[in-house]
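Each remark here refers to the structure printed beneath this line.
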Number of protein chains: 2
Amino acid sequence: MGNKTQELKNILDTNNYKLTSQRDLILQILADNEGEHLSAEEIYNIVKQRDSGIGLATVYRTLELFGELGIVQQLNFDDNCRRYELEENNNEHHHHLICIDCGAVIEFNDQILEEFETDLEKKYDFLVTEHSIKFYGYCENC
Amino acid sequence: MGNKTQELKNILDTNNYKLTSQRDLILQILADNEGEHLSAEEIYNIVKQRDSGIGLATVYRTLELFGELGIVQQLNFDDNCRRYELEENNNEHHHHLICIDCGAVIEFNDQILEEFETDLEKKYDFLVTEHSIKFYGYCENC
DNA sequence: AAATAGAACGAAAATGATTATCACTACCTA
DNA sequence: TAGGTAGTGATAATCATTTTCGTTCTATTT
């Protein structure tokens with residue numbers, strides 16, 4: 001049992017879920033494509049090459065589960081589908097520059113928030129026309 | 001012709017679009033509900049009370065048009081539907097805190113980026129578990 | 001190793017927001 | 001007033017995602 005697989009099994013065990021070949025395979029695909037931001041459909045197509053019997057619903061279910069378990073992060077680039085990437089173990093978050101013309105996604109690290117806007121425009125030669133910042137968590141009522 | 005209506009007509013004229021009663025009404029509804037983040041469906045339901053003959057497709061078309069013209073801002077709170085709010089005339093942007101439990105949306109102003117994370121947690125009594133920052137614009141290839 | 005209960009699966013139908021189609025209407029211009 | 005075109009309403013189509021349901025697999029206990 002590979003290193004990644006064992007780690008997955010531990011997480012699943014801890015949360016009373018079972019290790020299946022499908023879950024293992026999907027994790028491998030995500031690991032093999034680190035840096036990509038794959039959609040469920042794209043993952044499905046890659047996964048099918050190795051296990052033609054897998055169902056699209058399983059891919060969705062697994063990605064949803066991985067999201068809950070903190071294994072993957074769900075991204076929304078406003079292109080009509082959710083995208084997924086492995087959550088990093090270190091606590092260095094990274095954010096995304098999304099080109100509204102060609103759809104290119106450029107990653108950059110957290111750094112000092114104050115420098116973001118102006119510096120990043122130079123650094124990536126990216127003309128910012130709009131940005132949004134989201135925080136997720138719990139409000140005072142929850 | 002009301003103030004808002006005249007302003008709308010000017011923008012539409014400039015861009016070779018026509019002022020229609022539907023467009024005028026939808027603008028009014030948005031203005032009457034400032035601070036809300038309405039979905040197309042919600043807007044449709046409100047609009048229907050004043051003009052029962054209006055079609056849902058028209059609401060979508062109008063909101064899309066308003067988006068292109070910079071009249072409304074399209075928001076994505078990851079709740080499976082696009083939401084809309086009037087673009088502010090001053091250039092004070094505001095961002096959103098979204099509660100993943102109750103769905104509450106709390107607005108806050110731009111201010112100094114460096115203070116964001118820590119200060120906002122205190123200010124709104126909001127426990128941040130996750131955040132994402134998006135910039136929209138044009139990359140070097142575009 | 002067989003038995004078993006419940007988790008997980010695959011195929012396909014259902015859902016739900018959004019978009020496209022198309023015939024009809026309203027408005028502007030000649 | 002007639003003609004052309006933008007805009008509209010109803011409805012069908014799309015497409016990502018979710019749900020359903022009968023079957024298969026996993027882990028655990030005999």
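We name chains A, B, ... by the order of the sequence lines, and we start the count at 1 in each one. Hydrogens, waters and symmetry mates are skipped; everything else that's a heavy atom, side chains included, is used.
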_With side chain to side chain contact (heavy atoms under 4.5 Å, CB included) as the criterion, how do A:Y84 and A:L75 come out once you've worked through the C-alpha distance, each side chain's angles and the decisive distance to 0.1 Å?_
CA-CA 6 Å; A:Y84 303 84; A:L75 307 171; over 6 Å; no
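- Using a 3.5 Å distance cut-off with no hydrogens or angles, the side chains of B:Q6 and B:N10 do pair a donor with an acceptor.
- The two residues B:E85 and B:E36 have their closest heavy-atom pair at CB-O, 4.0 Å.
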Please list, pair by pair, any protein nitrogen or oxygen found under 3.5 Å from a nitrogen or oxygen in nucleotides 28-30 of chain D.
none

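- Take the nearest nucleotide of DNA chain D for B:S52 and for B:L19: the residue whose nucleotide is more 5' is B:L19.
- In this structure, B:L65 atom CG and C:dT19 atom C1' are separated by 15 Å, rounded to whole Å.
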Scan nucleotides 16-20 of chain D against the protein and return all N/O pairs shorter than 3.5 Å with their distances rounded to 0.1 Å.
| from | atom 1 | to | atom 2 | distance (Å) |
| --- | --- | --- | --- | --- |
| D:dT17 | OP1 | A:R82 | N | 2.7 |
| D:dT17 | OP2 | A:Y60 | OH | 2.6 |
| D:dT20 | O4 | A:R61 | NH1 | 3.4 |

Short heteroatom pairs, N/O only, protein and nucleotides 5-7 of chain C, under 3.5 Å:
| from | atom 1 | to | atom 2 | distance (Å) |
| --- | --- | --- | --- | --- |
| C:dA7 | O4' | A:K18 | NZ | 3.4 |

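- A salt bridge is defined here as a Lys NZ or Arg NE, NH1 or NH2 lying under 4.0 Å from an Asp or Glu carboxylate O, and B:R50 with B:D32 meets this definition.
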*Please test A:E68 against A:N15 for side chain to side chain contact (heavy atoms under 4.5 Å, CB included), starting from the C-alpha separation and ending with a verdict.*
CA-CA 10 Å; A:E68 285 167 18; A:N15 293 276; over 6 Å; no
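- Distance A:D24 CG to D:dA27 C1': 16 Å, rounded to the nearest Å.
- What you find for B:R23 and B:F66 is that their closest heavy atoms are O-CZ, 3.6 Å.
- Between B:L30 and the options B:L25, B:L63, B:V47, a side chain to side chain contact (heavy atoms under 4.5 Å, CB included) holds for only B:L63.
- Nearest heavy-atom pair, B:L8 versus B:I71, reported as atom, atom and distance to 0.1 Å: CD1-CD1, 3.8 Å.
- Of the side-chain N and O atoms in B:T20, one or more sit less than 4.0 angstrom from OP1 or OP2 of D:dT8.
- Following rounding to the nearest Å, B:L63 (CG) and D:dT8 (P) show an atom-to-atom distance of 12 Å.
- For the pair B:K48 NZ and D:dT8 C1', the computed distance is 16 Å after rounding to whole Å.
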Interface polar pairs with nucleotides 1-3 of chain C, N/O, under 3.5 angstrom:
none

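- If you take CG of A:L25 and C1' of C:dA8, they are 15 Å apart, rounded to a whole angstrom.
- If you measure from atom CG of B:D13 to atom C1' of D:dA6, you get 13 Å, rounded to the nearest angstrom.
- Annotation: salt bridge (Lys or Arg N to Asp or Glu O under 4.0 Å) contacts of A:K9 (sequence neighbours excluded): A:D13.
- In this structure, A:N76 atom CG and C:dA17 atom P are separated by 16 Å, rounded to whole Å.
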*Start with the C-alpha distance between A:L65 and A:L12, add both sets of side-chain angles, then the distance that settles side chain to side chain contact (heavy atoms under 4.5 Å, CB included), and finish with yes or no.*
CA-CA 10 Å; A:L65 177 63; A:L12 292 171; 4.1 Å; yes
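- Of the side-chain N and O atoms in B:Q22, none sit less than 4.0 angstrom from OP1 or OP2 of C:dA26.
- Here C:dA17 presents its P atom at 10 Å from CG of B:D79, a figure rounded to the nearest Å.
- Judged purely by atom type and a 3.5 angstrom limit, A:N33 uses its side chain to pair as donor or acceptor with the backbone of A:I29.
- The two residues B:A31 and B:K4 come nearest to each other via the heavy atoms CB-CE, 4.0 Å.
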*Does the side chain to side chain contact (heavy atoms under 4.5 Å, CB included) test come out yes or no for A:L27 and A:T62, once each step is laid out?*
CA-CA 9 Å; A:L27 180 69; A:T62 301; over 6 Å; no
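- Here B:R83 pairs with B:E42, B:D79 under the salt bridge (Lys or Arg N to Asp or Glu O under 4.0 Å) rule; sequence neighbours left out.
- Under 4.0 angstrom from either OP1 or OP2 of D:dT8 there lies no side-chain N or O belonging to B:T58.
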